[in-house]
2 protein chains.
Amino acid sequence: MSKENYDACPPKCCDMRGMLSFLILWLLSKRPMYGQELAKEIGKRRGTKPNPGTIYPALKELKKRSLIKSKKEGRVTNYHITEEGRKGIQTACEYFCKAFGEIFQERMEAAKS
Amino acid sequence: MSKENYDACPPKCCDMRGMLSFLILWLLSKRPMYGQELAKEIGKRRGTKPNPGTIYPALKELKKRSLIKSKKEGRVTNYHITEEGRKGIQTACEYFCKAFGEIFQERMEAAKS
DNA sequence: CGTTAACTATTGGGTATCCGATACATTTAA
DNA sequence: TTAAATGTATCGGATACCCAATAGTTAACG
């Protein structure tokens with residue numbers, strides 16, 4: 001899986017933020033990460049990095065719901081997905097592709113012609 | 001383009017609502033639709049249909065920003081995307097695929113193996 | 001003709017996400 | 001040693017989206 005920087009720039013016509021918990025769980029399903037690392041990874045994809053005021057409360061909530069757990073490791077606090085979180089994100093990714101897949105397919109088909 | 005019903009069921013682990021304006025513009029870029037038709041189309045994809053209290057204020061806002069226009073046609077009010085809206089959604093779709101494309105790619109690659 | 005169904009639109013209260021600011025802690029650099 | 005950088009976390013106010021309820025209109029149905 002490529003680690004390249006996406007350099008996306010959010011469009012002006014509509015707010016495309018949101019689904020933060022989904023993105024957090026998805027990223028953590030790949031590997032554990034600390035808060036700012038997560039923010040940076042989200043920023044790579046979305047073009048804007050969530051502020052501390054956004055990311056930490058979201059992490060706190062996911063932790064409260066036992067979808068992730070945290071562990072101080074050196075100078076950082078790494079967040080790990082739980083088994084419950086892993087099951088949840090599996091379902092969520094399936095849903096995501098069902099709900100939005102057509103948009104993506106449309107662009108791929110346009111790219112082929 | 002298929003018109004099949006997706007029957008998606010929203011996951012419990014994270015809130016995946018949002019980006020309503022984006023979805024509205026995208027659907028309207030295909031063809032004009034009236035309010036409840038839009039709600040139904042969104043419901044087909046997301047498994048839950050936005051309520052009138054959600055869809056109409058969003059349409060009102062998009063209209064206010066000149067991204068769509070409305071026209072009473074028979075018993076319904078059809079919404080049409082403007083040229084400005086069409087340009088906007090083009091950009092937004094590009095952004096969407098950059099920001100979230102990896103999730104689709106991941107699932108497609110998993111489906112191939 | 002009366003009833004039902006479908007559509008339009010608003011309102012009030014709620015929620016996830018968001019920004020910006022702030023404060024603190026620890027490591028790194030000067 | 002001090003300053004800068006990096007990370008953690010909270011708080012207050014804002015925004016897009018959300019639900020449920022309500023009310024009105026009009027076409028379709030019985």
Side-chain angles (χ1 to χ4, degrees), chain A residues 10-27 32-43 45-65 67-80 88 92 96 99-100, chain B residues 10-27 32-43 45-65 67-80 88 92 96 99-100:
Chain A
K12 284 185 221 125
C13 74
C14 41
D15 191 344
M16 297 188 63
R17 299 175 299 180
M19 292 202 280
L20 182 62
S21 296
F22 170 67
L23 284 174
I24 289 172
L25 285 173
W26 177 65
L27 286 169
M33 293 185 213
Y34 58 87
Q36 289 312 298
E37 192 181 0
L38 275 164
K40 201 178 304 179
E41 285 294 318
I42 292 171
R45 292 160 172 78
R46 288 199 334 195
T48 57
K49 174 179 152 184
N51 283 291
T54 304
I55 200 106
Y56 290 108
L59 286 167
K60 185 176 180 178
E61 180 65 29
L62 287 171
K63 195 168 145 192
K64 183 176 160 189
R65 292 163 55 208
L67 298 171
I68 64 173
K69 65 191 167 190
S70 64
K71 188 173 177 185
K72 187 74 183 281
E73 291 165 6
R75 62 178 295 213
V76 298
T77 301
N78 274 322
Y79 293 87
H80 304 245
F96 183 82
F100 296 99
Chain B
K12 285 187 220 122
C13 72
C14 41
D15 192 344
M16 300 190 60
R17 300 176 297 180
M19 291 201 281
L20 182 61
S21 295
F22 170 65
L23 284 175
I24 289 172
L25 286 173
W26 178 65
L27 286 170
M33 293 185 213
Y34 58 88
Q36 289 312 295
E37 192 180 1
L38 275 165
K40 202 178 300 179
E41 285 295 317
I42 292 172
R45 292 161 173 79
R46 286 197 341 194
T48 58
K49 175 180 151 183
N51 283 287
T54 304
I55 199 109
Y56 289 109
L59 285 168
K60 184 175 179 178
E61 180 66 29
L62 287 171
K63 195 168 145 193
K64 182 175 159 191
R65 292 165 54 209
L67 299 172
I68 63 173
K69 64 192 166 189
S70 62
K71 188 174 176 187
K72 188 74 182 282
E73 291 165 6
R75 62 177 297 213
V76 298
T77 301
N78 274 324
Y79 294 88
H80 303 244
F96 180 82
F100 297 98

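Residue numbering restarts at 1 for every chain, and letters A, B, ... go by the order of the sequence lines. Any value given below was found using the heavy atoms of this structure, including those in side chains, with hydrogens, waters and symmetry copies removed.
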> Nearest-Å distance, CZ (B:R65) to P (D:dA16)?
Replying inline: 8 Å
> Roughly, in whole Å, what's the span from CD in B:Q36 to P in D:dT26?
Replying inline: 17 Å
>> With a cut-off of less than 4.0 Å, is there a side-chain N or O of A:S21 near OP1 or OP2 of C:dT17?
In response: yes
>> Could you tell me how far apart B:I55 (CD1) and C:dA6 (P) are, to the nearest whole angstrom?
In response: 17 Å
>> Below the 4.0 Å mark, does D:dG7 have OP1 or OP2 next to a side-chain nitrogen or oxygen of A:Y34?
In response: yes
>> Need one value for A:Y79: base, sugar-phosphate or nothing, where a base atom within 4.0 Å counts as base even if backbone is also close, heavy atoms only.
In response: sugar-phosphate
>> Tell me if a side-chain donor or acceptor on A:R65 pairs with a main-chain N or O of A:E61 at a distance below 3.5 Å.
In response: no
> Could you give the NZ-to-P distance, from B:K49 to C:dC7, as a whole number of Å?
Replying inline: 7 Å
Identify all pairs in which a protein N or O lies below 3.5 Å from an N or O of nucleotides 28-30 of chain D, and state each distance.
none

> Considering only heavy atoms from C-beta outward, does the side chain of A:K71 approach that of A:Y34 to under 4.5 Å?
Replying inline: no
>> Using whole Å, what does the distance between atom P of nucleotide D:dC19 and atom CD1 of B:I42 come to?
In response: 11 Å
>> Can you tell me which residue among A:K69, A:K72, A:E73 is in a side chain to side chain donor-acceptor pair (under 3.5 Å) with A:N78?
In response: A:E73
>> Assuming nearest nucleotide by heavy-atom distance, tell me which of A:D15 and A:T77 is located more 5' along DNA chain D.
In response: A:T77
> Closer than 4.0 Å, any side-chain N/O of A:Y56 to the OP1 or OP2 of D:dT8?
Replying inline: yes
>> Working to the nearest 0.5 angstrom, can you tell me the gap between A:L62 CG and A:L25 CG?
In response: 5.0 Å
> So, is A:K60 close to the D:dT10 phosphate, meaning a side-chain N or O under 4.0 Å from OP1 or OP2?
Replying inline: yes
> Could you state the CD-P distance from B:E73 to C:dT8, rounded to the nearest angstrom?
Replying inline: 11 Å
> Out of C:dG20, D:dC18, D:dG7, which nucleotide sits closest to the side chain of B:L20?
Replying inline: D:dC18
> What is the distance from atom CG of A:L59 to atom OH of A:Y79, rounded to the nearest 0.5 Å?
Replying inline: 5.0 Å
> Given D:dG7, D:dC18, C:dA9, which nucleotide is nearest the side-chain atoms of B:R46?
Replying inline: D:dC18
>> Quick check for you: among D:dC18, C:dA21, D:dA16, whose closest atom lies nearest to any side-chain atom of B:T54?
In response: D:dC18
> Starting at the 5' end of DNA chain D and moving along, which residue's nearest nucleotide shows up first, A:G35 or A:R17?
Replying inline: A:G35
>> What contact category does A:G53 fall into here, base, sugar-phosphate, or nothing, at under 4.0 angstrom with non-hydrogen atoms?
In response: base
> Start at the 5' end of DNA chain C and walk down; is the nucleotide closest to B:E37 or to A:F22 reached first?
Replying inline: B:E37
>> Rounded at 0.5 Å granularity, tell me how far CZ in A:R46 sits from CG in A:L23.
In response: 6.0 Å
> Quick one: B:M16 CE to C:dA16 C1', roughly how many Å, whole number?
Replying inline: 13 Å
> Tell me: CG of B:L25 to P of D:dA16, nearest whole Å?
Replying inline: 14 Å
> Would a distance-only check, ignoring hydrogens and angles, find a side-chain to backbone donor-acceptor pair under 3.5 Å from B:D15 to B:R17?
Replying inline: yes
>> For A:F100, run the ring pair (Phe, Tyr, Trp, His ring centres under 6.0 Å) check against B:W26, B:F96, B:F22 and tell me which one passes.
In response: B:F96
> Among D:dT10, C:dG20, C:dC7, which is the nearest nucleotide to the side chain of B:V76?
Replying inline: C:dC7
>> Using the side-chain heavy atoms of B:P57, tell me which of these nucleotides is nearest: C:dT10, D:dG7, C:dC18.
In response: C:dT10
